[in-house]
Amino acid sequence: MKNSSNKFRGNNKEFKKNSHFGNFSKNTNRSEKNDRFLSNSAKNKKVENLKKNDENNTSFLKRRNSRFKSNTEFPNKDSDMHQDFINKRSFDDWIWGKHSVYEALSSDRAINRIWCTSEIFSSDKFYILLKDLKSKGVLIEEVSWNRLSQLTYGASHQGVALQLACSKTISLEQLIDFSKLNCSNPVLVALDGITDPHNVGAIIRSAEAFDCKGVIIPQRRSAGLTGTVAKVAAGALEHLHVTRVVNLNRALEELKKNGFLVVGLSGDGQLSISNFQEKAPLVVVVGSEDKGISLLTQKKCDFILSISLKGKTSSLNASVAAAISLFQLTGK
């Protein structure tokens, strides 16, 4: 019995040992597996985090590189475009700076347009000269310092700049006297709201070709005698007098007092130009393509003439309409 109990106990001890050993071994295996799993999961998480960080870093670098490229390439592109624009725009007929502009104003040079600040316009040195030029039809604009810097692209303008004209102008009184000097029925052309220099140049060319005695251009709402106008006119400005007036309607009244008939060109005119039979000194008023002759100017006209069109086209270019009209009126 004792032996059996001892054996049993021993077996129990052995069993316990074995069971404990077995349990211990199983637990250690599980713990090792858990440790491996945890370590692997931690490693995996670290790897994933590293990958995410790498992806974030690479995406950030890409964005940064793209921004860097855009920041480096775009301004260069803008500067190139800006430089090309400056090169295309010719400043050969521009003068800026107080001393240079003052000498140009004091001389007998033809001037198309002047930009100045209010301080320059009201100064003792420039006021009389600018006021005299303004009365002769030169367009003078008072602008801010920043606006003048924009116009001259940051040049040292000192508050004043001007654009030279490609031809000298004469006063309205001189034009009236000259037109009646050797011609009983002279024809003059007046432009109302034609701001395209190509149209102005083409009309001047047609006016000279059909022996008109002069062209009247208002101070505002009209292209000046720029280089483009001279180029399109193809030398006609050398043989044709041009007058710039402050107010076109007052100029038309003055011409009517001196015996001129004022005729306007309009698609809505009730009288066809081919049926117009008046033989007197004429002023032909040509309006812009989109708006035509202004309402105030139409009231100053003695006749409103139209050009009969046979096709489906409803209107003509301003310079083309002027050429056709001058051909009809100067041939009578």
Side-chain angles (χ1 to χ4, degrees), residues 93-96 98-118 120-143 148 151 159-181 186 188-195 197 200-201 203-204 207-208 212-230 233 236-258 260 262 283 285-286 297 300:
D93 56 350
W94 283 57
I95 298 175
W96 50 67
K98 290 182 181 179
H99 299 292
S100 301
V101 170
Y102 183 79
E103 292 300 326
L105 297 180
S106 302
S107 64
D108 197 24
R109 302 188 70 174
I111 298 172
N112 178 49
R113 196 169 182 176
I114 300 173
W115 297 268
C116 65
T117 60
S118 58
I120 292 294
F121 187 82
S122 59
S123 65
D124 296 335
K125 185 176 182 179
F126 285 92
Y127 180 74
I128 296 176
L129 288 173
L130 293 175
K131 188 176 180 180
D132 183 57
L133 289 170
K134 190 174 183 179
S135 64
K136 294 179 179 179
V138 177
L139 180 58
I140 300 175
E141 291 189 32
E142 290 188 34
V143 295
L148 196 52
L151 291 171
V160 62
L162 62 82
Q163 183 184 31
L164 297 172
C166 57
S167 178
K168 293 182 180 180
T169 59
I170 63 175
S171 66
L172 183 62
E173 292 76 13
Q174 290 174 330
L175 180 63
I176 293 172
D177 294 339
F178 171 80
S179 63
K180 290 184 175 182
L181 186 60
L188 302 177
V189 180
L191 308 184
D192 181 28
I194 300 181
T195 57
V200 174
I203 292 172
I204 290 174
E208 199 283 326
C212 293
K213 301 306 178 183
V215 176
I216 303 168
I217 300 176
Q219 187 184 73
R220 296 187 178 272
R221 295 192 314 110
S222 178
L225 298 179
T226 61
T228 303
V229 172
L237 277 172
E238 304 297 327
H239 311 286
L240 187 70
H241 291 291
V242 179
T243 296
R244 294 197 71 175
V245 295
V246 177
N247 188 289
L248 180 61
N249 293 326
R250 287 203 296 265
L252 294 178
E253 290 178 355
E254 185 67 23
L255 288 164
K256 291 172 75 171
K257 291 178 182 179
N258 285 271
F260 283 84
V262 180
V283 181
V285 182
V286 183
T297 305
K300 302 295 181 182

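Every value quoted in this text rests on a predicted model; they were computed, and no experiment measured them. One is the number of the first residue; the rest follow in order along the sequence.
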Exercise. So, do Val101 and Phe126 sit near enough that their side-chain heavy atoms are less than 4.5 Å apart?
Worked result: yes
For this session: State, to 0.1 Å, how close Gly159 and Leu148 come at their nearest heavy-atom pair, and which atoms those are.
Result: C-CD2, 3.3 Å
For this session: Starting at CG of Leu188, measure out to CZ of Phe178 and round the result to the nearest 0.5 Å.
Result: 10.5 Å
Exercise. Does a side-chain heavy-atom distance below 4.5 Å link Thr226 with Gln163?
Worked result: yes
Exercise. Does some side-chain heavy atom of Ile216 sit less than 4.5 Å from a side-chain heavy atom of Leu255?
Worked result: yes
Exercise. Looking at Leu175 and Gly214, what are the two nearest heavy atoms and their distance?
Worked result: CD1-CA, 3.9 Å
Problem set entry | Value rounded to 0.5 Å, distance of CD in Glu254 from CG in Asn249 | 13.5 Å
Problem set entry | Heavy-atom check, side chain of Ile176 versus side chain of Phe260, under 4.5 Å | yes
Problem set entry | Heavy-atom side-chain contact between Arg109 and Leu164 under 4.5 Å | yes
Exercise. Under a 4.5 Å cut-off applied to non-hydrogen side-chain atoms, are Asp192 and Pro218 in contact?
Worked result: no
Exercise. Given side chains that start at C-beta, do those of Ile120 and Lys98 come closer than 4.5 Å, heavy atoms only?
Worked result: yes
Exercise. Is a side-chain N or O of Arg244 found less than 3.5 angstrom from the main chain of Gln219, in a donor-acceptor match?
Worked result: yes
Problem set entry | Whether Lys256 side chain and Lys300 backbone form a donor-acceptor pair below 3.5 Å | yes
Exercise. Are there more than 12 heavy atoms of other residues, nucleotides or ligands under 6.0 Å from atom NZ of Lys180?
Worked result: yes
For this session: Of all the heavy-atom pairs spanning Cys212 and Leu240, show the shortest one and how long it is.
Result: O-CD1, 3.2 Å
Exercise. Atom CD1 in Ile111, atom CD1 in Ile95: separation rounded to 0.5 Å?
Worked result: 7.5 Å
Seminar exercise, completed: Residues Leu162 and Ala104: closest non-hydrogen pair is CD2-CB, 4.1 Å
Problem set entry | Interatomic distance, Leu172 atom CG to Thr243 atom OG1 [nearest 0.5 angstrom] | 6.0 Å
For this session: Report yes if the side chains of Leu139 and Asn112 come closer than 4.5 Å at any heavy-atom pair, otherwise no.
Result: no
Exercise. How long is the span from the CG atom in Leu129 to the CG atom in Leu105, to the nearest 0.5 Å?
Worked result: 5.5 Å
Problem set entry | Parallel, tilted or perpendicular, as decided by the 30° and 60° cut-offs, for the rings of Trp94 and Trp115 | parallel
Seminar exercise, completed: When every non-hydrogen atom of Ile204 is compared with those of Ala236, the smallest separation belongs to O-CB, 3.9 Å
Exercise. Under 6.0 Å from the NZ atom of Lys125, do we count more than 12 heavy atoms belonging to anything else shown?
Worked result: yes
Problem set entry | Shortest non-hydrogen separation from Cys116 to Ile140 and the atoms involved | SG-CG2, 4.3 Å
Problem set entry | Interatomic distance, Lys168 atom NZ to Ile170 atom CD1 [nearest 0.5 angstrom] | 12.5 Å
